[in-house]
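What's counted below: heavy atoms across the whole structure, side chains too, no hydrogens, waters or symmetry copies. Just so we're on the same page: letters track the sequence lines, and every chain starts at 1.
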Amino acid sequence: MSIVNQLQLGVLKSLTSLQNQSFSEKDFQINQTKPEFEGDYTVVLFSLVKTLSLYPEVIGNQLGEKLVNDFPEIFSSFNIIKGFLNLTVADNYWIALLKKNHADICYGKKALTGKKVMVEYSSPNTNKPLHLGHLRNNFLGWSVAEILKANGQEVIKSCIVNDRGIHICKSMIAWQLYANGATPQSTHSKGDHLVGEYYVKFNEAYKEQVAELIASGKTKEEAEKEAPIMKATQQMLVDWEEGKPEVIELWNTMNSWVYAGFDTTYQKIGSDFDKTYFESNTYLLGKDIVQQGLDKKVFFKKEDGSIWIDLTADGLDEKIVQRKDGTSVYITQDIGLALQKYEQFKIDQSIYVIGNEQNYHMKVLQLICKKLGMPNAENIFHLSYGMVELTSGKMKSREGTVVDADELVDEMIATSQKLTEELGKVKDFTAEELKDLYDIIGLGAMKFYLLRVDPKKTMVFNPEESIDFHGFTGPFVQYTHARIKSILRKELGNEEFKNSSIELKSPLLPLEKEVIIQLEQYPTALEEAGKEHNPSVIANYVFNLAKTFNSFYTEHSIGNAETIEKKNLRLQIATMTANIIKSGMQLMGIRVPERM
RNA sequence: GACUUGGUAGCUCAGCUGGAUAGAGCAUCAGCCUUCUAAGCUGAGGGUCAUUGGUUCGAAUCCAAUCCAGGUCACCA
């Protein structure tokens, strides 16, 4: 149990016995004591003043004395300033905590709870390569999955590949028209990039055709409908749904190029999946449900044959679920897949890592599932994250104004190589070790950069400035780890550390204590990150821990500590810090080097 | 227009279940490498927490209104 929880219970118990009435956690507040005051944790007494009609000093004195008396192993002393009761935690409490947990590489992780969740993330379209926004999605999804695992949940990582639909046909048509049979082999390009080029080309051609039609006197709407390239694309979608062999063949070919490209990228960035769904397999499943929905009268058919659901009673609009030509829309297959996931895996929760531009869509999806009486409807959770914007505005694949994922990754790794070479600290590394180190640092910088921000918030990326390697960054944390490891390599063979008993003759120094206090908070941070589905909690925690440790490190020598007891104490602090940094970074998919 | 999310230092972001003098990184300036890795440490300057009003012992945090910005309201996904 965390120190804050123990304190909370202690105050509750003491208050009850002192005042002969019952209290709840909401009647008072516990904070970490501000550095300018003496003490470690603070009970804010103001809210009790009214209910008890006693002066804060009186309540504080009673409470402080009782806590120190009843829990001598936790609290050593207290002081009261205004309405704040500041409690000092006994050094022995911290030392016992260190002794018990410093070598535990699973510190903070929970035992299995039996809860089973699916995290769906990444979900690429096979008409274009991954960009910076997809990276945020991938890192988030992966990290949230790991964080939930650490919180004792069984997690299935899944991915739905959007491999069919009008947008896929756009790339295919443009390739047919303009590519002259170009392949990844013939152009020496990555398959996803090649296909993406033709997606951009489609939109250019489409724009031109529309402009021409408008010039010849058509309205904008007419022009958009009648542009030949769009008509051809729509026909291709119908042909695809009918299984026309040459369309299917082209589709298979181009998709296989894209998959080869994606595999390379996924491997590089460390995305993995336990289950991959293909929309081409799931969209028909949705059609059955549309039929059932019609029978149940949840859906209705319009005169032209299209099928709809009326959500106006819920404050939303009417929503189409099947086109008049019988083809599916996006939401159709989502309904089918939601049910299939539930039936296949018996999951307690289904998490969708999808951008906040789809908030409305996800709301509709959940509502439709509820109306259909599907058992999984309540378990759908949309982990809605903000877009990554450039300083110049939004990224748009259609217009090619995106920060390409592969390029950015390469750039990050190249920068880490350049910096490492400039510092020249690892000259004895083999070529392989160096390559691995550049990956660790470059990817670490990038993942940390994208994960340190609250997922819900839109974030801004400035392509002019490269991602930093100093300060609040992945490499900063990695560096702290490498420095600790360097010390431990030197000292750990030592017998005196193995048979460590830390009988302290002098009190803990402020910086020693500060690090230990933060170490103690890791399980709380982990829990909060899980509850909020928010890796940035971990990023912030791990950065602050590293920062505090660095201050401690420059101020106090570990190897040449004043006494053998101090040395043991500090080695334990260092060991535990390294373990937690490693563990926390791992939850974000960031590796930490032994040396850098 | 309706719904929705946000507005905190020059920039990027924490803090938001109300508590002590609002934090961090970058950038700027000034220091620290014969002692465990300087990708580090110490310090300085930098703020009308969008605005106005309300709630109260106390508001960046809660409530209301206004202004500004993003998103959605597609037979795109």
Undergrad: Send over the distance from Asn540(A) CG to G23(B) C1', rounded to a whole Å.
TA: 11 Å
Undergrad: Check the distance between A2(B)'s P and Lys363(A)'s NZ and give it to me in whole angstrom.
TA: 15 Å
Undergrad: Given that both distances must come in under 3.5 Å, which nucleotide forms a Watson-Crick or G-U wobble pair with C75(B)?
TA: none
Undergrad: Taking 4.0 Å as the cut-off, does a side-chain nitrogen or oxygen of Ser551(A) come that near to OP1 or OP2 on C41(B)?
TA: no
Undergrad: Across the strands shown, which category fits Thr42(A) at heavy-atom distances under 4.0 angstrom: base, sugar-phosphate, nothing?
TA: base
Undergrad: Classify Met596(A) by what it touches in the nucleic acid, base, sugar-phosphate, or nothing, heavy-atom distance under 4.0 Å.
TA: base
Undergrad: Give Leu316(A) one of three labels, base, sugar-phosphate or nothing, depending on what nucleic acid heavy atoms sit under 4.0 Å from its own.
TA: nothing
Undergrad: Could you work out which one of C76(B), U12(B), U37(B) sits closest to the side chain of Ile166(A)?
TA: C76(B)
Undergrad: If you compare every side-chain N and O of Asn560(A) against the phosphate oxygens of C36(B) (OP1, OP2), does one of them come in below 4.0 Å?
TA: no
Undergrad: Could you check whether any side-chain heavy atom of Leu451(A) comes within less than 4.5 Å of a side-chain heavy atom of Ser143(A), counting everything from C-beta outward?
TA: yes
Undergrad: Need one value for Phe461(A): base, sugar-phosphate or nothing, where a base atom within 4.0 Å counts as base even if backbone is also close, heavy atoms only.
TA: nothing
Undergrad: Is there a donor on the side chain of Ser536(A) or the base of A14(B) sitting less than 3.5 Å from an acceptor on the other?
TA: no
Undergrad: Evaluate the side-chain proximity of Tyr360(A) to Leu316(A): yes if any heavy-atom separation is below 4.5 Å, no if none is.
TA: yes
Undergrad: Taking atom C1' in both U12(B) and G58(B), compute the distance separating them and give it to the nearest angstrom.
TA: 31 Å
Undergrad: Glu389(A) near the nucleic acid: base, sugar-phosphate alone, or nothing, with a heavy-atom cut-off under 4.0 Å?
TA: sugar-phosphate
Undergrad: Nearest heavy atom decides the nucleotide; on that basis, is Asp304(A) or His470(A) closer to the 5' end of RNA chain B?
TA: His470(A)
Undergrad: Can any side-chain N or O of Thr88(A) pair as donor or acceptor with the backbone N or O of Phe78(A) at less than 3.5 Å?
TA: no
Undergrad: Using both distances under 3.5 Å as the test, list the Watson-Crick or G-U wobble partner of A64(B), or none.
TA: U52(B)
Undergrad: Please determine, for C11(B), whether a Watson-Crick or G-U wobble partner exists with both distances under 3.5 Å, and give it or none.
TA: G25(B)
Undergrad: Pick the closest RNA chain B nucleotide for Ile81(A) and for Leu419(A) by heavy atoms, then say which residue is nearer the 5' end.
TA: Ile81(A)
Undergrad: G6(B) and U56(B): how far apart are their C1' atoms, nearest whole angstrom?
TA: 27 Å
Undergrad: What is the glycosidic conformation of C33(B): syn, defined as within 90° of 0, or anti?
TA: syn
Undergrad: Let me know which of Val542(A), Asn550(A), Val592(A) forms a side chain to side chain contact (heavy atoms under 4.5 Å, CB included) with Thr480(A).
TA: Asn550(A)
Undergrad: Please classify the nucleic acid contact of Val453(A) as base, sugar-phosphate, or nothing, using heavy-atom distances under 4.0 Å.
TA: sugar-phosphate
Undergrad: Check the pair Asn255(A), Thr126(A) against side-chain hydrogen bond (donor to acceptor under 3.5 Å, both in side chains), reporting the backbone distance first and the verdict last.
TA: CA-CA 6 Å; Asn255(A) 274 352; Thr126(A) 58; 3.0 Å; yes
Undergrad: Please classify the nucleic acid contact of Phe476(A) as base, sugar-phosphate, or nothing, using heavy-atom distances under 4.0 Å.
TA: sugar-phosphate
Undergrad: For Lys456(A), which contact category applies under a 4.0 Å heavy-atom criterion: base, sugar-phosphate, or nothing?
TA: nothing
Undergrad: Going by atom types alone, do Gln518(A) and Glu514(A) pair a side-chain donor with an acceptor below 3.5 Å?
TA: no
Undergrad: Please report the distance separating the P of U4(B) from the corresponding atom of C41(B), rounded so that it comes out in whole Å.
TA: 44 Å
Undergrad: So if I apply the ring-ring contact (aromatic ring centres under 6.0 Å, His included) rule between Tyr283(A) and each of Tyr277(A), Trp240(A), Phe278(A), Tyr330(A), which one comes out positive?
TA: Trp240(A)
Undergrad: If you only use heavy atoms from C-beta on, which nucleotide in U37(B), A77(B), A20(B) is closest to the side chain of Arg323(A)?
TA: A77(B)
Undergrad: Once you measure the plane-to-plane angle for Tyr206(A) and Phe202(A), does it fall in the parallel (<30°), tilted (30-60°) or perpendicular (>60°) bin?
TA: parallel
Undergrad: Taking the C1' atom in each of G15(B) and G31(B), what is the distance between them to the nearest angstrom?
TA: 30 Å
Undergrad: Reckon Lys457(A) has a side-chain N or O less than 4.0 Å from the OP1 or OP2 of A14(B)?
TA: yes
Undergrad: Heavy atoms from C-beta onward define the side chain here; which of G19(B), G25(B), U72(B) lies closest to that of Tyr360(A)?
TA: U72(B)
Undergrad: Check whether the aromatic ring of Phe84(A) stacks on the base of A20(B), taking stacking as ring centres less than 5.5 Å apart and planes within 30° of each other.
TA: yes
Undergrad: Between C75(B) atom P and Ile309(A) atom CD1, what is the distance in whole Å?
TA: 15 Å
Undergrad: At 4.0 Å (heavy atoms only), tell me whether Glu555(A) reaches a base, stays on the sugar-phosphate, or touches nothing.
TA: nothing
Undergrad: Examine the base of A77(B) for any acceptor or donor lying under 3.5 Å from a partner atom in the side chain of Asp334(A), and report the outcome as yes or no.
TA: no
Undergrad: Between Arg483(A) and A38(B), does any side-chain N or O lie under 4.0 Å from OP1 or OP2?
TA: yes
Undergrad: Regarding His481(A), tell me which of base, sugar-phosphate or nothing describes its non-hydrogen contacts under 4.0 Å with the strands shown.
TA: nothing
Undergrad: Given side-chain hydrogen bond (donor to acceptor under 3.5 Å, both in side chains), test Gln209(A) with Glu226(A) step by step and report yes or no.
TA: CA-CA 9 Å; Gln209(A) 291 183 2; Glu226(A) 289 173 22; over 6 Å; no
Undergrad: Any strand is fair game: report the nucleotide pairing with A69(B) by Watson-Crick or G-U wobble, both distances under 3.5 Å, or none.
TA: U5(B)
Undergrad: When we call it a touch if two heavy atoms are under 4.0 Å apart, what does Ala574(A) touch: a base, just sugar-phosphate, or nothing?
TA: nothing
Undergrad: Under 4.0 Å, counting only non-hydrogen atoms across every strand here, what does Asn86(A) touch: a base, just sugar-phosphate, or nothing?
TA: base
Undergrad: Is the aromatic ring of Tyr479(A) within stacking range of G40(B), meaning centres under 5.5 angstrom and planes under 30 degrees?
TA: no
Undergrad: Which whole number of Å gives the distance between the P atom of A60(B) and that of C49(B)?
TA: 8 Å
Undergrad: Is there a side-chain polar atom (N or O) of Lys34(A) under 4.0 Å from OP1 or OP2 of A20(B)?
TA: yes
Undergrad: Please determine whether a side-chain nitrogen or oxygen atom of Gln29(A) lies at a distance below 4.0 Å from atom OP1 or OP2 of G18(B).
TA: yes
Undergrad: Hey, is Phe37(A) doing a stacking thing with A20(B), by the 5.5 Å centroid and 30° angle criteria?
TA: yes
Undergrad: Rounded to the nearest Å, what distance is computed from the CG atom of residue Asp317(A) to the P atom of nucleotide A2(B)?
TA: 14 Å
Undergrad: Classify Asn359(A) by what it touches in the nucleic acid, base, sugar-phosphate, or nothing, heavy-atom distance under 4.0 Å.
TA: nothing
Undergrad: With P as the reference atom in both, quote the distance from U66(B) to G1(B) in angstrom, rounded to an integer.
TA: 11 Å
Undergrad: Quick check for you: among C75(B), A24(B), U37(B), whose closest atom lies nearest to any side-chain atom of Tyr553(A)?
TA: U37(B)
Undergrad: Rounding to an integer number of angstrom, what distance separates G19(B) and C33(B) when you compare their C1' atoms?
TA: 43 Å
Undergrad: Under 4.0 Å, counting only non-hydrogen atoms across every strand here, what does Phe469(A) touch: a base, just sugar-phosphate, or nothing?
TA: base
Undergrad: Taking only the C1' atom of each, what is the distance from C63(B) to U17(B) in whole angstrom?
TA: 16 Å
Undergrad: Atom CG of Leu140(A) and atom OH of Tyr121(A): how far apart are they, to the nearest 0.5 Å?
TA: 11.0 Å
Undergrad: Counting only Watson-Crick or G-U wobble pairs whose two distances fall under 3.5 Å, which nucleotide matches G18(B)?
TA: none
